[in-house]
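One is the number of the first residue; the rest follow in order along the sequence. Treat the numbers as computed from the prediction; the structure is a model and nothing was measured.
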Amino acid sequence: MAKRPITDDPKKPVSKRKTPAKPAVKKTVAKKTASKSTARKVSKKKSKPAKNRPWTRSLVIFLLKFSLAFSAIFVLYGMYLDSKIQARFSGPIWKTPAQIYARSLELTPGMFLPHQKLVEELELLNYLKVGKPRTAGQFSVSKTKIELLRRSFTYLDGVEPNQALFLTFADNRLVSIRDQQTGKYLNSVNLDPMLLDTLQAPNQEDRILVELQNYPQLLIDTLLLVEDRNFYHHSGVSPVAIVRAAFANMNAGRTVQGGSTLTQQLVKNFFLTRQRSLWRKFNEAYMAILINYRLSKDAVLSGYLNEVYLGQNYSDGVYGFGLASYFYFGRPVPELSIDQMAFLVAVVKGPSFYDPWRYPERALERRDMIIRLLSKNGKISTAEYRAAIARPLGIIPRGHMSVSKAPAFLSLLRRELKTTFGDALYDQSGLKIFTSLDPLAQRAAETAITESLPRLEKARKITGLETAVVVTDRQYGRVTALVGGRNTQYAGFNRALDASRSIGSVVKPAIYLTAFEQGYDLNSPLVDKPLRLNNQYGNNWQPKNYDRKFRGEVPLYQALMQSLNVPTVNLGMAVGVDNVIESLKRLGINKVDNHYPSMLLGALNMSPFQVSQMYQTIATAGEYHKLTALVAVVDEDGDLVYQQSLKGKRRFARKDIDLTIYNMTLVAKQGTARRLSWQFPGINFAGKTGSTDKLRDSWFVGLDNRDVVTVWVGRDDNKTSTLTGSSGALTVFGDYMKLRSADSLVVN
């Protein structure tokens with residue numbers, strides 16, 4: 001039977017025979033395989049987060065720990081910086097140098113004081129002459145009156161307040177002093193003393209502290225306008241200023257503007273170096289924020305005003321506006337004018353770059369820029385702007401806190417301070433040292449030297465003359481002026497103190513004073529005949545008179561008046577050389593080396609200062625007062641630490657001194673200094689000229705009722721000066737007295 005063919009017809013019955021399972025198995029396996037593959041993929045996808053989770057967690061933990069550690073370090077470092085800040089600001093911030101002042105001029109009704117001399121004094125004190133005084137440090141003047149607003153100052157009895165005074169004059173005298181506030185007439189009043197210098201220990205910064213309330217508001221406004229406009233609104237660091245400075249510097253292609261606030265600058269000055277680095281800037285910003293938290297804005301501003309570096313006084317820096325005001329203008333900071341305030345703010349940017357002595361045009365340009373800025377921002381009026389910008393810089397000489405530096409006088413003062421206080425003086429802060437320097441006398445001495453020496457050299461056709469001048473007040477032995485050489489502002493070799501020269505005939509008053517003590521009088525006869533003696537070298541010595549003549553016999557007064565050598569030697573031998581030496585010691589000369597007759601004609605070496613000490617005892621009627629430049633010292637609390645004793649020690653009888661001084665007046669009237677009688681008619685002087693062997697040294701010591709003036713003229717190389725006492729030193733003395741405008745000075 002034939003087999004039925006297999007057909008695909010659905011109507012046809014399907015064979016009951018099972019189809020092979022193999023393909024189905026394959027499909028199932030494939031599905032399973034696909035399923036497993038998919039499961040693996042899914043499994044792999046699911047397992048990835050499980051494998052990455054430990055790394056992420058570690059990173060997060062690491063960052064968290066790092067942040068905590070950094071925060072801890074940041075906080076701890078901040079605490080360290082804060083401790084430095086607290087240590088600096090917990091006590092006195094600065095140890096300020098001592099301030100050295102000239103004498104304070106005491107005004108009393110009836111005193112001799114020409115109207116013009118008080119004007120000169122006020123100008124030396126940098127008082128401003130105006131039409132009508134309105135603030136301290138100003139004065140107005142008419143023919144017979146002076147109206148002034150005296151500055152406040154610390155003196156021996158404490159603080160002297162600002163005072164409005166009205167003074168009247170007549171016949172070269174001060175007639176009356178009236179307090180304009182109370183209307184009362186005063187018996188006396190002191191003017192503020194001139195600041196001469198500051199005295200700081202080695203490595204101590206030089207500054208004068210000024211309280212914030214004593215700074216002119218315009219100075220503060222100018223500083224903030226130029227250096228930190230948002231000072232009262234930022235937290236020590238100003239992001240706005242940093243961004244503004246960055247843009248300005250990028251536009252200029254160089255650094256033209258800084259982004260540091262005053263607080264940051266204060267931090268840099270107090271705690272950091274000037275090294276430029278990111279670490280320093282970080283410290284600067286961090287500490288600025290801490291200081292802003294610790295201190296008030298006013299405290300920060302006060303610190304900055306007293307700390308900022310504003311110039312260089314040779315080897316010493318000038319710190320703070322208080323000192324800078326004196327350094328550049330010779331006046332206290334409250335009295336600065338608009339242009340002066342603008343200049344001080346100008347040099348904040350770069351004291352060396354804007355040094356007015358080296359680069360005056362550059363300094364003036366920046367000052368004027370700041371004045372324009374003040375006008376643009378409405379800080380000053382148009383009239384004030386025009387007046388301020390028209391003024392010159394008006395800078396005083398470098399290193400002068402006042403008109404004159406007086407280096408020789410300050411050298412004497414430092415020696416005296418060293419002897420009196422030792423190094424302990426430098427351990428105290430804020431001392432005020434009051435000296436005896438008279439600014440008018442000092443200026444007169446300096447001017448006399450500057451004018452007379454060239455004139456002497458021209459007349460004598462010589463060069464190389466040097467000089468020294470010592471001026472003391474006749475009453476108490478206070479040194480009122482001291483010049484150590486021809487270059488009056490030179491701080492080197494001080495001839496007034498250290499030049500040991502033969503004194504010649506200026507020794508003679510000691511001989512005559514000894515004679516008066518032994519009973520001689522003005523008419524006692526003295527032998528004037530040739531004599532022969534042995535000198536200190538054992539050689540034959542035959543003294544002669546300057547004119548080489550012998551008069552046989554002369555009265556004692558004539559021998560001193562004409563400075564005759566032979567009668568003087570005879571007198572000295574009669575009273576005893578040892579007695580003359582003893583008189584010299586009582587006069588104040590501690591050591592006399594020459595005990596031979598030649599010392600009777602001045603074969604002794606002394607400095608001008610020692611000669612002045614000798615004559616001081618004569619001038620004070622036989623009372624010894626040790627010459628001094630130091631009057632008083634006051635500490636920063638206003639307490640008196642030291643004061644000169646005004647009590648002298650009597651060493652000679654008044655009657656013997658009177659005879660000696662009278663004989664010295666004859667020297668000025670009829671003797672070797674008689675030119676004074678026609679140079680100053682109606683004025684009585686006492687004095688003594690002196691010349692030495694081969695005219696190497698020219699001396700004159702003159703007395704009036706106010707001063708003792710000692711003048712030496714000679715050469716450093718000890719060659720002849722060709723000058724006698726009357727042709728050399730007396731010339732300098734005369735020029736000094738003309739400048740001092742002496743009144744009818746009667747020697748007592």
Side-chain angles (χ1 to χ4, degrees), residues 504-531 533 543-584 586-587 597 599-602 614-615 617-622 650-678 682-691 699-705 724-726 730 745-748:
S505 295
V506 293
V507 76
K508 290 178 179 177
I511 302 169
Y512 287 79
L513 175 58
T514 307
F516 293 137
E517 284 192 306
Q518 294 187 15
Y520 285 76
D521 60 36
L522 293 171
N523 290 309
S524 296
L526 302 179
V527 176
D528 184 15
K529 296 178 180 178
L531 76 158
L533 299 166
K544 295 181 175 60
N545 296 319
Y546 181 74
D547 60 5
R548 305 292 176 177
K549 297 178 181 178
F550 296 97
R551 294 158 181 79
E553 186 177 271
V554 294
L556 181 146
Y557 77 86
Q558 184 179 343
L560 182 62
M561 182 180 73
Q562 296 181 353
S563 197
L564 300 176
N565 291 336
V566 175
T568 299
V569 172
N570 281 321
L571 178 62
M573 295 298 293
V575 300
V577 172
D578 289 341
N579 289 328
V580 174
I581 292 173
E582 183 60 27
S583 293
L584 285 170
R586 289 157 61 199
L587 287 169
M599 63 83 57
L600 299 170
L601 295 184
M614 179 175 74
Y615 277 81
T617 307
I618 295 174
T620 50
R650 176 151 299 283
R651 294 188 172 180
F652 294 91
R654 179 67 183 258
K655 63 181 182 63
D656 299 322
I657 291 291
D658 287 346
L659 288 173
T660 304
I661 291 178
Y662 175 76
N663 208 163
M664 290 168 60
T665 63
L666 298 179
V667 173
K669 286 181 178 179
Q670 306 171 38
T672 54
R674 58 186 175 274
R675 61 185 289 185
L676 292 175
S677 62
W678 54 261
I683 300 175
N684 290 331
F685 292 100
K688 185 67 189 77
T689 57
S691 307
W699 291 89
F700 183 73
V701 183
L703 285 65
D704 58 27
N705 74 343
T724 63
S726 57
L730 184 61
L745 303 173
V746 180
V747 178
N748 297 319

**OP:** Could you check Asn565 against Thr568 for side chain to side chain donor-acceptor pair (under 3.5 Å), going step by step and ending with a plain yes or no?
**Re:** CA-CA 5 Å; Asn565 291 336; Thr568 299; 5.8 Å; no
Subject >> Ser563/Lys508 under side chain to side chain donor-acceptor pair (under 3.5 Å): CA gap, chis, key distance, verdict >> reply: CA-CA 8 Å; Ser563 197; Lys508 290 178 179 177; 3.0 Å; yes
Could you list the donor-acceptor pairs under 3.5 angstrom formed between side-chain atoms of residues 575-582 and any protein atom two or more places apart in sequence or on another chain?
unit_1	atom_1	unit_2	atom_2	d
Asn579	ND2	Val575	O	2.7

Output a table of donor-acceptor pairs, distance under 3.5 Å, between side-chain atoms of residues 546-553 and any protein atom two or more places apart or on a different chain; print 'none' if there are none.
unit_1	atom_1	unit_2	atom_2	d
Asp547	OD1	Lys549	N	3.0
Asp547	OD2	Arg551	NH2	2.4

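Nearest heavy atom pair, residue Leu531 against residue Val569, reads CD1-CG1, 4.0 Å. Closest non-hydrogen pair, Ser677 versus Arg674, comes out as OG-O, 2.5 Å. Counting all heavy atoms, side chain and backbone alike, Tyr615 lies closest to Leu703 at CD2-CD1, 4.4 Å. The two residues Asn684 and Lys669 have their closest heavy-atom pair at OD1-CE, 3.4 Å. In plain terms, the two heavy atoms of Pro597 and Leu533 that are nearest each other are CB-CD1, 4.0 Å.
The distance from atom NZ of Lys544 to atom CG of Leu601, rounded to the nearest 0.5 Å, is 12.0 Å. Atom CE of Met573 is separated from atom CD1 of Ile511 by 11.0 Å, given to the nearest 0.5 angstrom. The distance from atom CG of Leu560 to atom CG of Leu522, rounded to the nearest 0.5 Å, is 9.5 Å. Atom CG of Asp656 sits about 10.5 Å away from atom CD of Gln518, to the nearest 0.5 Å. Gln558 CD to Gln670 CD: the interatomic distance, rounded to the nearest 0.5 Å, is 9.5 Å. Atom CG of Asn705 is separated from atom CD1 of Ile683 by 10.0 Å, given to the nearest 0.5 angstrom.
Arg586 places a side-chain N or O within 3.5 Å of a backbone atom of Arg651 that can act as its donor or acceptor partner. Panel note: side chain Asn570, backbone Val566; a donor-acceptor pair is recorded below 3.5 Å. No donor-acceptor pair closer than 3.5 Å links the side chain of Ser583 to the backbone N or O of Thr514.
Judged as a side chain to side chain contact (heavy atoms under 4.5 Å, CB included), and not counting sequence neighbours, the contacts of Thr689 are Thr672, Ala673, Phe700, Ser726. The side chain to side chain contact (heavy atoms under 4.5 Å, CB included) test applied to Leu587 returns Ala510, Leu513, Met614, Thr617, Ile618, Phe652, not counting sequence neighbours. Legend: residues meeting side chain to side chain contact (heavy atoms under 4.5 Å, CB included) with Ala559, ordered by chain and number and at least two apart, are Tyr512, Leu526, Val554, Pro567. When the side chain to side chain contact (heavy atoms under 4.5 Å, CB included) test is applied to Ala574, the partners found at least two apart in sequence or on another chain are Tyr520.
Residues Met664 and Phe685 are not in side-chain contact: their nearest non-hydrogen atoms beyond the backbone lie 4.5 Å or more apart. Using a 4.5 Å heavy-atom threshold, the side chains of Tyr557 and Leu659 count as separate. The shortest distance between side-chain heavy atoms of Leu556 and Asp521 does not fall below 4.5 Å.
A salt bridge between Lys655 and Glu517 is absent, with no side-chain N of the basic residue lying under 4.0 Å from a carboxylate O of the acidic one.
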